[in-house]
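All values below were derived from every heavy atom in this structure, side-chain atoms included, with hydrogens, water molecules and symmetry-related copies excluded.
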Amino acid sequence: MRVVAYVGLGSNLEDPTAQLARAVAELASLPNTSLMAQSAFYASRPVGPQDQPDFVNGAVQLSTELSPHQLLDHLQAIEQAHGRERLRHWGPRTLDLDLLLYGNDSIHDERLTVPHAELANRDFVLQPLLDLNPELVLPDGRSIETLRQACPDNQLRLLPPKAGSH
């Protein structure tokens with residue numbers, strides 16, 4: 001059975017825009033998965049420690065036959081291939097891939113929380129989701145549009161598309 005999943009992307013190290021573009025291509029090549037859409041990329045201030053570069057964020061919409069945990073395993077493998085190190089909470093990173101939504105499922109176990117726990121508080125997550133699907137609603141019935149309007153401002157800035165992207 002195919003499920004629509006949304007994955008958030010973020011980076012603030014080693015050419016973040018290139019990191020995200022490469023990750024989108026890698027997500028598009030996952031087994032039993034197809035890339036349906038990609039959002040624009042946005043720059044924003046970091047959440048947590050401010051002694052790090054601004055982040056570049058975006059999101060993709062996937063159609064997948066992978067289970068949520070299989071998809072998570074692939075996301076973590078892609079992060080590792082990009083040199084992801086978990087040195088401090090909310091610290092700088094070469095690549096961060098978050099499974100934001102998986103169909104209309106609510107999942108909460110030791111490895112995975114879907115919808116992503118901080119989704120409602122992150123304009124750099126909500127805006128790319130709106131780019132992908134302005135009608136998107138969480139499993140609990142809250143609309144992404146309503147959450148975006150109430151979300152704290154993190155100085156989100158739309159980045160211009162680069163040649164060869166999208």
Side-chain angles (χ1 to χ4, degrees), residues 3-103 105 107 109-119 121-133 154-166:
V3 172
V4 174
Y6 293 87
V7 175
L9 304 92
S11 174
N12 71 341
L13 295 176
E14 299 178 25
D15 193 352
T17 303
Q19 293 280 359
L20 267 54
R22 207 168 91 226
V24 169
E26 292 163 343
L27 291 167
S29 68
L30 289 178
N32 303 310
T33 301
S34 43
L35 177 67
M36 297 173 66
Q38 171 189 344
S39 76
F41 291 160
Y42 294 85
S44 65
R45 297 289 307 136
V47 170
Q50 296 295 301
D51 63 338
Q52 59 182 316
D54 284 357
F55 272 83
V56 175
N57 292 95
V60 296
Q61 181 183 27
L62 303 174
S63 173
T64 187
E65 294 178 17
L66 298 173
S67 74
H69 289 88
Q70 289 171 324
L71 184 53
L72 177 64
D73 290 341
H74 283 287
L75 298 181
Q76 291 175 340
I78 293 169
E79 288 178 340
Q80 293 306 309
H82 282 248
R84 167 81 187 260
E85 294 180 329
R86 297 171 191 273
L87 301 177
R88 75 174 165 167
H89 189 59
W90 290 334
R93 57 203 63 181
T94 52
L95 184 64
D96 186 28
L97 298 175
D98 290 324
L99 181 53
L100 303 171
L101 296 167
Y102 184 87
D105 291 1
I107 303 163
D109 63 34
E110 65 283 346
R111 289 192 61 217
L112 183 60
T113 299
V114 174
H116 189 277
E118 291 295 325
L119 184 143
N121 301 315
R122 307 283 196 254
D123 57 356
F124 55 83
V125 172
L126 295 169
Q127 189 59 54
L129 286 175
L130 281 174
D131 290 355
L132 295 171
N133 182 351
N154 203 40
Q155 300 176 9
L156 197 65
R157 301 172 310 281
L158 177 64
L159 297 176
K162 295 237 189 233
S165 69
H166 298 283

Measure the CG-CG distance between L95 and L20 for me, rounded to the nearest 0.5 Å. 6.5 Å
Nearest 0.5 Å please: distance from the CG atom of L159 over to the OG atom of S44. 9.5 Å
For the pair S11 (side chain) and V56 (backbone), establish whether a donor and an acceptor sit closer than 3.5 Å, ignoring hydrogens and angles. no
Treating E14 as the side-chain partner and Q19 as the backbone partner, does any N or O pair qualify as donor plus acceptor under 3.5 Å? no
Say you draw a straight line from CG of L9 to CD of E79; how long is it, rounded to the nearest 0.5 Å? 9.5 Å
Indicate every side-chain donor-acceptor pair of residues 30-37 with a distance under 3.5 Å to a residue at least two apart or in another chain.
residue : atom : partner : partner atom : Å
T33     : OG1  : P31     : O            : 2.9
T33     : OG1  : T64     : OG1          : 2.7
S34     : OG   : R2      : NH2          : 3.2

Rounded to the nearest 0.5 Å, how far does OG1 of T17 lie from CG of D15? 6.0 Å
Determine the minimum heavy-atom distance between L158 and F41, stating which atoms define it. CD1-O, 3.8 Å
Under a plain distance cut-off of 3.5 Å, with no hydrogens placed, do D131 and Q127 share a side-chain donor-acceptor pair? yes
Determine, stepwise, if the pair D54 / R157 fulfils side-chain contact (heavy atoms from CB on, under 4.5 Å). CA-CA 11 Å; D54 284 357; R157 301 172 310 281; 2.7 Å; yes
Would you name the heavy atoms of P128 and Y42 that are closest together and state the gap between them? CG-CD1, 3.8 Å
So, taking the atom named CG in L119 and the one named CG in D98, what distance separates them when rounded to the nearest 0.5 Å? 9.5 Å
Side chains of N12 and Q52: any donor to acceptor distance under 3.5 Å? yes
What one should report as the nearest heavy-atom pair of A5 and L71 is CB-CD2, 3.9 Å
Within residues 17-30 or reaching into it, pairs that qualify as salt bridge (Lys or Arg N to Asp or Glu O under 4.0 Å) - sequence neighbours excluded: R22-E26
When rounded to the nearest 0.5 angstrom, what distance separates CD in Q76 from CG in L99? 10.5 Å
Shortest non-hydrogen contact from G10 toward N57: CA-ND2, 3.4 Å
In a check of side chain to side chain contact (heavy atoms under 4.5 Å, CB included) between L100 and each of L129, V7, L126, V114, which one passes? L129
Under a 3.5 Å distance rule, please check whether R111 uses its side chain to pair with a backbone N or O of D109 as donor and acceptor. no
N133 versus Y6: any side-chain heavy-atom pair under 4.5 Å? yes
All heavy atoms of E65 vs all of Q70, minimum pair found to be O-OE1, 4.5 Å
Testing the basics here: between G58 and S39, what is the closest heavy-atom pair and its distance to 0.1 Å? CA-OG, 3.4 Å
